[in-house]
Each structure stands twice: as structure tokens, then as C-alpha cells.
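First the structure, in the form of C-alpha cells, and then the observations on it.
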Amino acid sequence: MSRWNALTGGTSGEEYAARFAALALSGKDVHGEARFCAALVPAGARVLDAGCGTGRVMIRLAELGYECVGVDLDESMLAVARKQAPDLPWFHTDLTGFDPALLGIAADFDLVVAAGNVFPLLAAGTEATVVKRLAAALRPGGLLVSGFGLDEDHLPVPPGITLAEYDDCCTEAGLTLVDRFAGWDADPYDGGGYAVSVHCR
């Protein structure tokens with residue numbers, strides 16, 4: 001079982017969406033991830049939102065002109081995403097077994113984004129498998145972008161994968177580190193408890 005399902009029971013979609021809706025109404029910027037990705041690849045690029053949740057990032061990228069596909073394990077989250085954007089492609093699948101061919105989609109994404117603490121919330125020991133699955137979905141030169149917490153202040157679960165371990169997973173999957181930031185606003189990484197990493201195939 002993933003740490004996410006153990007934490008939420010797979011029933012938190014509406015609650016999760018309501019929290020971000022409230023943040024948006026209060027004037028908070030809730031589109032940092034989409035803006036970050038849009039700075040890396042041009043409009044029209046193919047983007048896979050791995051662990052798409054309620055679709056907040058992917059829906060915004062689609063509005064900006066990107067060709068997007070979303071995959072997630074949590075049906076309650078996907079139900080919200082499908083309600084908000086029924087015309088976009090949402091797939092229920094476990095990232096440890098993600099295979100674009102089985103879903104009838106091409107494995108030539110320009111960018112794969114894994115936001116929202118996807119990697120720390122995977123089932124323990126599956127991180128390398130997921131990185132390989134996502135790397136295989138990239139075209140040559142494509143980018144894997146992931147942002148996740150590294151300490152208790154930035155995670156809803158005890159810290160799991162470290163940056164060094166994540167980089168090792170990426171190296172094994174044929175990916176090279178391009179840059180690392182302290183958050184989705186692209187400030188330089190300073191060794192803090194949250195990191196956004198960009199790797200290239």
C-alpha cells in the first residue's frame with residue numbers, strides 16, 4: 001500500500017480540492033507548479049502529470065495550451081479531476097506499473113511532472129521502479145520534474161527518500177540532473193527541507 005493510501009484511505013479528493021479552492025479564493029497563488037513547467041517547455045508540448053490528484057496542475061497546463069495526460073492511484077482524487085475537466089484524459093493507474101502502451105497513449109512526453117510529494121508518498125521501496133517507469137515515458141531530451149519534502153516540516157508522513165537516493169534512482173534510469181530549486185518559484189536550492197529537481201533523459 002502506498003503511504004498516501006495509508007494516510008488518507010483513498011477518500012480525500014473533495015477535501016483536498018476544497019483546501020486549494022479556499023487558498024485560491026484567499027488570493028494565494030496555486031499555480032506555481034504549472035508556471036514552473038511552462039517555463040521549461042513550450043506550449044503544445046506533451047506533459048504527463050504523474051500523481052495528478054484532483055488535476056489542479058494539469059488543468060492549468062491544459063489552459064496554457066499543453067497536451068496533457070493525468071494518472072493517479074486515488075479514485076477519489078480522479079473523480080474531482082474528471083468533474084472539473086471531463087474532456088481531459090485521466091487514468092486510474094499505479095505508477096509502479098505505469099505503461100503508456102497499456103493505456104493507449106504514446107511514450108514520447110516532453111515533460112513528466114510529479115508534484116505534491118508524489119515520491120515520499122509512494123509505497124516504500126518502489127521509488128526506483130517509478131522513476132524508471134516515468135523515464136521510459138519521456139522522449140530523448142525530455143524532462144522529469146519532481147518536487148517533494150525532505151523533512152517533517154514539509155511532509156504529512158515521516159521523511160522517506162532523500163535527494164541523494166532520488167538522484168541515484170534517476171541515474172539508474174538514464175536521467176541526468178539539470179538543476180535543483182528550493183520551490184516552484186525557482187529560487188536556488190539552499191539545502192532546505194523541500195526541493196524541486198529537474199532531470200533530463
| query | Is Y189 linked to L155 within one hydrophobic cluster, defined over Ile, Leu, Val, Met, Phe, Trp and Tyr using a side-chain heavy-atom separation of less than 4.5 Å? | reply |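 Unlinked, Y189 and L155 end up in two clusters.
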
When rounded to the nearest 0.5 angstrom, what distance separates [atom1] in [X] from [atom2] in [Y]?
X    : Y    : atom1 : atom2 : result
D153 : L150 : CG    : CG    : 11.5 Å
L40  : R35  : CG    : CZ    : 12.5 Å
L95  : L48  : CG    : CG    : 8.0 Å
D49  : L111 : CG    : CG    : 10.0 Å
D168 : I161 : CG    : CD1   : 9.0 Å
M77  : C52  : CE    : SG    : 8.5 Å

| query | Do any N or O atoms from the side chain of D72 and from the backbone of G53 form a donor-acceptor pair under 3.5 angstrom? | reply |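 Pair found, side chain donor or acceptor close to backbone of G53.
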
| message | Would the distance check show the side chain of E165 and the main-chain N or O of L163 forming a donor-acceptor pair, the cut-off being under 3.5 Å? | response |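 No, the answer is negative, given that no donor and acceptor are paired below the 3.5 Å cut-off.
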
Taking the side chain as everything from C-beta on, heavy atoms only, tell me whether [X] gets closer than 4.5 Å to [Y].
X    : Y    : answer
D108 : R46  : yes
F91  : I105 : yes
D99  : T93  : no

With a cut-off of 3.5 Å and sequence neighbours excluded, list every side-chain donor-acceptor pair involving residues 174-185.
unit_1 : atom_1 : unit_2 : atom_2 : d
R180   : NE     : S197   : OG     : 2.8
R180   : NH1    : D167   : OD2    : 3.1
R180   : NH2    : D167   : OD1    : 2.6
R180   : NH2    : D167   : OD2    : 3.3
R180   : NH2    : S197   : OG     : 3.0
W184   : NE1    : Y194   : OH     : 3.0
D185   : OD1    : D187   : N      : 3.4

Minimum-distance pair of heavy atoms, taken over all atoms of [X] and [Y]:
X    : Y    : answer
P120 : G149 : CG-O, 3.8 Å
A107 : P100 : CB-CG, 3.9 Å
L64  : A38  : CD1-CB, 4.3 Å
C68  : L61  : SG-CB, 3.7 Å
C170 : H199 : CB-CD2, 3.5 Å
P156 : L121 : CG-CD2, 4.2 Å

| In the hydrophobic clustering that connects Ile, Leu, Val, Met, Phe, Trp and Tyr at side-chain heavy-atom distances below 4.5 Å, which members other than L88 occupy its cluster, ordered by chain and number? |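 Under the 4.5 Å side-chain rule, L88 groups with M58, I59, L78, W90.
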
| task | Quick one: do R60 and E33 satisfy salt bridge (charged side-chain N to carboxylate O under 4.0 Å, His left out)? Show the steps, please. | result | CA-CA 9 Å; R60 180 59 178 159; E33 299 99 327; over 6 Å; no

| request: Show your working on ring-ring contact (aromatic ring centres under 6.0 Å, His included) between H31 and F36 and close with a plain yes or no. | output: CA-CA 9 Å; H31 295 304; F36 183 97; over 10 Å; no

Pair up each side-chain donor or acceptor in residues 131-144 with any protein partner under 3.5 Å, not counting sequence neighbours, and list the distances.
unit_1 : atom_1 : unit_2 : atom_2 : d
R133   : NE     : T96    : O      : 3.2
R133   : NH1    : F98    : O      : 3.3
R139   : NE     : D110   : OD1    : 2.5

| message | Please check if the number of heavy atoms outside E152 that lie under 6.0 Å from its CD is greater than 12. | response |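 Not buried by this count: 12 neighbours or fewer within 6.0 Å.
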
